[in-house]
Amino acid sequence: VTKKIQIAIDGPAGAGKSTIAKIAAEKLGYTYIDTGAMYRALTLKALTEKIDLSSEQAVTDLLKNSTIELKPSPQGQLVFLDGVDVSSEIRSNEVTSNVSKVAAHASMRAIMVELQYDMAVKGGVIMDGRDIGTAVLPKAELKIFMSATVEERARRRFEDNQQRGIESSFESLKEEIALRDKMDSEREASPLVQAEDAIFVDTTHLNIEQSAEEILKLATERMS
Ligand code: CDP
Ligand code: CDP
């Protein structure tokens, strides 16, 4: 007999969290929830409305006055901000380089955590982000902390960009990733940190298939 469990995947940028979570969710018939997309959507709105990103009050009020929804589709998860599909806009360089600033505010995070917790109540869920095992789903049956060297993570992002025809330099991507990791890990409000009961998975030398296998093996153990 297998039971439906909650799987939390945290870790730094480019570790492979969303790619692996998507594959595992499909294999298990689980719901995949990309929490980073929600912080990105809020950042997009803050930039569009020229909100002061360093103001906790302004950023929190902005979230209170926004609707952020994740909807499954055949092309993958779509992100809606106030009813408008912003799935591609939230991946822009401008959003990427500002999201950690927005994500640092404690009172805004409290609201996000509640929204995300409510999305997971039905069980059979895989959620990825930075604080899932520590703040959003502290009781998740399986917690993974996924990482890889910063060189490998930058190399992956560089390849992603090349495939999409976006020009970028490896060195600047590496710097951007390292800075975001630093900001995410050093903030006071639920920083990026491995939960005590999380399993560390290093994907530096694993390909996508091998990484997914590893997670599915751990999930199957917890489900039985
Ligand atoms: O996919 P990528 O690694 O580029 O990042 P993401 O998962 O889309 O998350 C973007 C940013 O949102 C992170 O760098 C964090 O600043 C923030 N974030 C967070 O603070 N907490 C989460 N649970 C998820 C994302
Ligand atoms: O969600 P996160 O930022 O942790 O990483 P991702 O967006 O899932 O993965 C970043 C890139 O690395 C994607 O292009 C993946 O296909 C690739 N990847 C890889 O080459 N090998 C792995 N073991 C995992 C991911």
Side-chain angles (χ1 to χ4, degrees), residues 4-13 15-22 24-26 28-46 56 59-73 76-87 90-91 95-96 98-146 180 183-185 187-198 215 219 222:
K4 297 225 170 214
I5 62 168
Q6 290 182 333
I7 303 173
I9 307 184
D10 292 302
K17 302 182 298 297
S18 57
T19 306
I20 307 311
K22 257 178 248 169
E26 204 161 292
L28 298 170
Y30 278 23
T31 307
Y32 166 57
I33 300 171
D34 174 1
T35 63
M38 300 173 74
Y39 291 95
R40 285 174 177 273
L42 182 65
T43 303
L44 175 68
K45 186 162 174 178
E56 173 150 26
V59 168
T60 305
D61 286 345
L62 188 70
L63 178 56
K64 285 183 185 160
N65 293 308
S66 306
T67 314
I68 298 172
E69 296 159 296
L70 303 180
K71 294 183 189 169
S73 88
Q77 181 192 257
L78 298 178
V79 187
F80 287 81
L81 172 64
D82 299 323
V84 178
D85 182 355
V86 292
S87 311
I90 61 165
R91 307 288 162 194
V95 170
T96 301
N98 284 289
V99 62
S100 291
K101 229 178 288 171
V102 171
H105 301 302
S107 53
M108 178 279 296
R109 296 193 69 88
I111 302 172
M112 281 291 196
V113 166
E114 202 163 314
L115 286 171
Q116 292 159 0
Y117 178 83
D118 287 344
M119 294 167 99
V121 287
K122 280 173 225 136
V125 71
I126 302 187
M127 202 179 268
D128 83 324
R130 301 293 186 284
D131 63 341
I132 310 306
T134 52
V136 183
L137 303 176
K139 292 186 181 147
E141 285 89 347
L142 176 60
K143 296 181 187 176
I144 307 285
F145 194 87
M146 192 175 277
R180 197 142 58 92
M183 288 176 74
D184 290 343
S185 307
R187 71 176 174 228
E188 257 174 60
S190 44
L192 168 65
V193 56
Q194 182 174 350
E196 258 177 44
D197 50 350
I215 302 312
R222 302 300 161 101

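Considering only heavy atoms from C-beta on, L70 comes within 4.5 Å of M38 through its side chain. Counting heavy atoms from C-beta on, the side chains of L192 and F145 come closer than 4.5 Å. In this structure, the side chains of I90 and L81 stay at 4.5 Å or more apart for every pair of heavy atoms.
Residues forming a salt bridge (charged side-chain N to carboxylate O under 4.0 Å, His left out) with R40 (at least two apart in sequence, or on another chain): none. By the side chain to side chain contact (heavy atoms under 4.5 Å, CB included) test, A140 is found to be paired with Q6, A8, L137, K143, residues two or more places apart in sequence or in another chain being considered. Scored by the salt bridge (charged side-chain N to carboxylate O under 4.0 Å, His left out) test, D131 finds R109 as partners (sequence neighbours excluded). Judged as a salt bridge (charged side-chain N to carboxylate O under 4.0 Å, His left out), and not counting sequence neighbours, the contacts of D82 are K45. The side chain to side chain donor-acceptor pair (under 3.5 Å) test applied to E26 returns no partner, not counting sequence neighbours. Among residues two or more places apart in sequence or in another chain, the side chain to side chain contact (heavy atoms under 4.5 Å, CB included) test is passed with K139 by none. K4 meets the side chain to side chain donor-acceptor pair (under 3.5 Å) test with no other residue; sequence neighbours excluded. In this structure S107 satisfies the side chain to side chain contact (heavy atoms under 4.5 Å, CB included) test together with E56, T60, sequence neighbours excluded. In this structure, the side chain to side chain donor-acceptor pair (under 3.5 Å) partners of S100, at least two apart in sequence or on a different chain, are D184.
Remark: side-chain polar atoms of S73 are not paired, donor with acceptor, to backbone N or O of L78 under 3.5 angstrom. A donor-acceptor contact shorter than 3.5 Å is absent between the side chain of R187 and the backbone of A104.
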Query raised in the report: Under the side chain to side chain contact (heavy atoms under 4.5 Å, CB included) criterion, do M108 and L42 qualify, and how do the steps go?
Result: CA-CA 10 Å; M108 178 279 296; L42 182 65; 3.6 Å; yes
Requested in this report: For the pair I20 and I144, evaluate side chain to side chain contact (heavy atoms under 4.5 Å, CB included) and give the outcome as yes or no after the intermediate values.
Outcome: CA-CA 11 Å; I20 307 311; I144 307 285; over 6 Å; no
Query - Verdict with supporting geometry, V99 and R180, side chain to side chain contact (heavy atoms under 4.5 Å, CB included) - result: CA-CA 9 Å; V99 62; R180 197 142 58 92; 4.1 Å; yes
Sequence neighbours excluded and cut-off under 3.5 Å, please list the side-chain donor-acceptor pairs for residues 29-37, or say none.
unit_1 : atom_1 : unit_2 : atom_2 : d
Y30    : OH     : I5     : N      : 3.0
Y32    : OH     : D128   : OD1    : 3.1
D34    : OD1    : G36    : N      : 3.2
D34    : OD1    : A37    : N      : 3.2
D34    : OD2    : R91    : NH2    : 3.2
T35    : OG1    : D128   : O      : 2.6

